[in-house]
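Labels below follow one simple rule: chain letters A, B, ... track the order of the sequence lines, proteins then strands, and each chain is numbered from 1.
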Protein chains: 4
Amino acid sequence: MTPATGRRIHADARREQFLDAALELFSERGFDATSMKDLAEATGAAPGLVYHYFGSKNELLAAVLAERSFFPKLRALLADLPDRPAAEVLTELAERFEAMLSEREAVVRLVAHEAQTDGQIRAELERRIDDATGAVARYLESRVAAGELRPHDSVTAARAIFFTLVMFHLTGTPAGDSPRCLVEVVLGGIAAKVDRG
Amino acid sequence: MTPATGRRIHADARREQFLDAALELFSERGFDATSMKDLAEATGAAPGLVYHYFGSKNELLAAVLAERSFFPKLRALLADLPDRPAAEVLTELAERFEAMLSEREAVVRLVAHEAQTDGQIRAELERRIDDATGAVARYLESRVAAGELRPHDSVTAARAIFFTLVMFHLTGTPAGDSPRCLVEVVLGGIAAKVDRG
Amino acid sequence: MTPATGRRIHADARREQFLDAALELFSERGFDATSMKDLAEATGAAPGLVYHYFGSKNELLAAVLAERSFFPKLRALLADLPDRPAAEVLTELAERFEAMLSEREAVVRLVAHEAQTDGQIRAELERRIDDATGAVARYLESRVAAGELRPHDSVTAARAIFFTLVMFHLTGTPAGDSPRCLVEVVLGGIAAKVDRG
Amino acid sequence: MTPATGRRIHADARREQFLDAALELFSERGFDATSMKDLAEATGAAPGLVYHYFGSKNELLAAVLAERSFFPKLRALLADLPDRPAAEVLTELAERFEAMLSEREAVVRLVAHEAQTDGQIRAELERRIDDATGAVARYLESRVAAGELRPHDSVTAARAIFFTLVMFHLTGTPAGDSPRCLVEVVLGGIAAKVDRG
DNA sequence: TATGAATGAGCATTCATTCAT
DNA sequence: TATGAATGAATGCTCATTCAT
């Protein structure tokens, strides 16, 4: 239909350029504190051009969130957690999650920021978190059934891992081998002796 | 010193009124999205009056953070963690921290939001987090020395508890008895059998 | 309540100044073609100040129409048309109407212009026209009953007088003694011999 | 001369399409409130294409007024008013004029709107009105000379008929048999007894 | 002939801030 | 202490117009 001419390719590149610049500026300064003029200057385009590609500043934000989001990757990470020992699975999961957070740091920061004030973004974020922690919790329960893990509050355990890793990023705590350490703490606990009925 | 005249009392009350209204509005909509006119309307004062009490919008933010902050309470929480069993101490600490977060929800949300974009706020937040987790980590290490806890990455353990509780609040996860659960998970771990040399 | 200080007086004067300038500019160039900056320049005020007095450009238009309108005067003109001969009454009415149109030329032109594209203004205009022509038509019928006028389409006659005078103004036709001529034509007709059963 | 190739035919059709769409949009919303993008969307063409046919938005307006105008038809209506009784001629003229207004309602509304603010359009409109009322006035005077009509202000009478019919359209007054009524009023007058020296 | 990306000035509006009263 | 009129720069957005393709 639309011919993939050089023109079209150029147009698509522009769009991506706007998305990239918007993600960078929004995550650095916040959505409200970024003006469309800032965006234009960052891309070398005229101020009006953004509106050729996005209907409004809010639509641009929506497009950034939709097209630069980490949610698909997160979902992929959690699809079909294998039936192997929790120590292996959780460590690998935490490390991959940590890698994803590093890779998508800008959008993570953006979502964290805007979710505080934008009800819609917040609602979607909460839904995704529920999905993700739910998937991990189900895996943990399957390991309980398999006798590998003791009965416990699997949702809290799942959240502890996710939330801690996210906060490491948001607060700028140097990551290091924290995913591994964290999983070790959660799996093994820190008490010297455990009373296990 | 300053005579507590009616005028003075009124002036102080005004100041507090501005701080309260600012905290509420800033935490709900964000600092950028709150106008000085909004603030004036919320307090019933004229738009110019805020400037008799605070030099600028940014100074008002600074005052809100300084005078409504949760940091002193956090510091009090962590002062002199008693030499008693970790199960008791950590549970009580987590519950008090959780109570503090609930009580100061507005300022927690405000700090979380602004720290994403304001370098100064962020730096101070990080410093406070380091202080707090440092204090808990030292306590944990003292329990390791006492033989109650096994050797472990105490900073990661401390952060896991703090960060998870904070994220529960920021994401709106219903708290319930999560502090207790969380401490139980971290203390006891979730594995069925632990190999402890 | 609000003290009528010099401050307040000044503020009211400003408001009037904006209304006057807006009426002039809107009627000259049209509402759409007048920018708020034009208005600011015409009054010597800063661009933002208009919004201290009027919520928006549309509210300003509404205020101009409400406070500079000719409708009250028109209504006064038509209240209690006396029980005297039509030749006198209609001539005086036409002359007063003509005088009113000259006096309020700007708002007449403005209403004529905006009613073409603004449904709300148009609807109100039509209602007022109906009121006015209705009042005149009722007077004409009372003269028919009194035997002074022959039975005729009184609404059409009333409209012919009003509409023609308005169009004289809108098209810039020099008025002269047109009201008198017009009434004479409508009253006496132009035919040499009339068959009157 | 210009070969009527398929290309050419298509081009001409495009031109007409733009004129039609422009007339409709301009008369509905006004010239200023219609954007070239609106026009492009209404015709299904690309935004730039209009400029192949018309040099600018103003030239497009000029072309609409020139090529969709009612002036030629009006002139035709008035050419050679026959030497027959005024009752017949004026009634027929009024009915045809009324029909023309209905048929060209869009352009009538457009001209009425733009003439309020555009000096050039206004000047031309006034000239045409003078031509038209002049022609009718001359006819009326010829009937006065023929003894059919009494001496009267023929220009005012002519304008009364034209202006009233136009205003019926602009104000949305339902037309019905108003042309006939109007002519009857103007011809016969509304007074019961007329003193005719 | 036709497209649609690109421009840059202009628009209505908001806002932090100042200051005469 | 308190008011609210006034400022002027900035913001999100629109628009007539141009031009490479």
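- Here B:R68 pairs with B:E16, B:D20 under the salt bridge (Lys or Arg N to Asp or Glu O under 4.0 Å) rule; sequence neighbours left out.
- Within residues 19-33 of chain D, no residue has any heavy atom under 4.0 Å from DNA chain E.
- Judged as a salt bridge (Lys or Arg N to Asp or Glu O under 4.0 Å), and not counting sequence neighbours, the contacts of C:R128 are C:E124.
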Q: Using a 3.5 Å limit on both pairing distances, list the dot-bracket string of DNA chain F from the 5' end; Watson-Crick and G-U wobble pairs count, crossing pairs take [ ], interstrand pairs take |.
A: .||||||||||||||||||||

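- Heavy-atom distances to DNA chain E give each of B:K37 and A:A46 a nearest nucleotide, and the one nearer the 5′ end belongs to A:A46.
- Rounded to an integer number of Å, the gap from CG of C:D38 to P of E:dC11 is 7 Å.
- We find that CZ of D:R15 is positioned 15 Å from C1' of E:dT1, with the value rounded to whole Å.
- Across all strands shown, B:T34 has heavy atoms under 4.0 Å from sugar-phosphate atoms exclusively, and none from any base.
- Residues from residues 48-66 of chain C with heavy atoms under 4.0 angstrom of DNA chain F, sorted by number: C:G48, C:L49, C:H52, C:Y53.
- B:M36 places its CE atom 15 Å from the C1' atom of F:dG4, with the value rounded to the nearest Å.
- The side-chain contact (heavy atoms from CB on, under 4.5 Å) check on A:R122 picks up A:A115, A:E126, B:R109, with sequence neighbours excluded.
- Atom CD in C:Q17 sits roughly 13 Å away from atom C1' in F:dA6 (whole-Å rounding).
- Taking only side-chain nitrogens and oxygens, C:H10 comes nearer than 4.0 Å to OP1 or OP2 of F:dA6.
- When the C1' atom of F:dT1 is taken as reference, atom CZ of B:F18 falls 11 Å away, rounded to whole Å.
- Atom CG of D:D12 and atom P of E:dA2 are 11 Å apart (whole Å).
- Residues passing the side-chain contact (heavy atoms from CB on, under 4.5 Å) test with A:T43 are A:Q17, A:F18, A:A21, A:A45, sequence neighbours excluded.
- Listed by chain and residue number, A:E67 satisfy the salt bridge (Lys or Arg N to Asp or Glu O under 4.0 Å) test with A:R15 (two or more places apart in sequence, or in another chain).
- Taking 4.0 angstrom as the limit, A:R14 places a side-chain polar atom (N or O) nearer than this to OP1 or OP2 of E:dA6.
- Sorted by first and then second residue, the side-chain hydrogen bond (donor to acceptor under 3.5 Å, both in side chains) pairs with a member in residues 26-39 of chain A read A:R29-A:D38, A:S35-A:D38; sequence neighbours excluded.
- The salt bridge (Lys or Arg N to Asp or Glu O under 4.0 Å) test applied to C:E24 returns no partner, not counting sequence neighbours.
- Every residue meeting the side-chain contact (heavy atoms from CB on, under 4.5 Å) condition with A:A22, not counting sequence neighbours, appears here in chain and number order: A:F26, A:L39, A:L60, A:V64.
- A salt bridge (charged side-chain N to carboxylate O under 4.0 Å, His left out) check over residues 49-60 of chain B, counting only residues at least two apart or in different chains, returns nothing.
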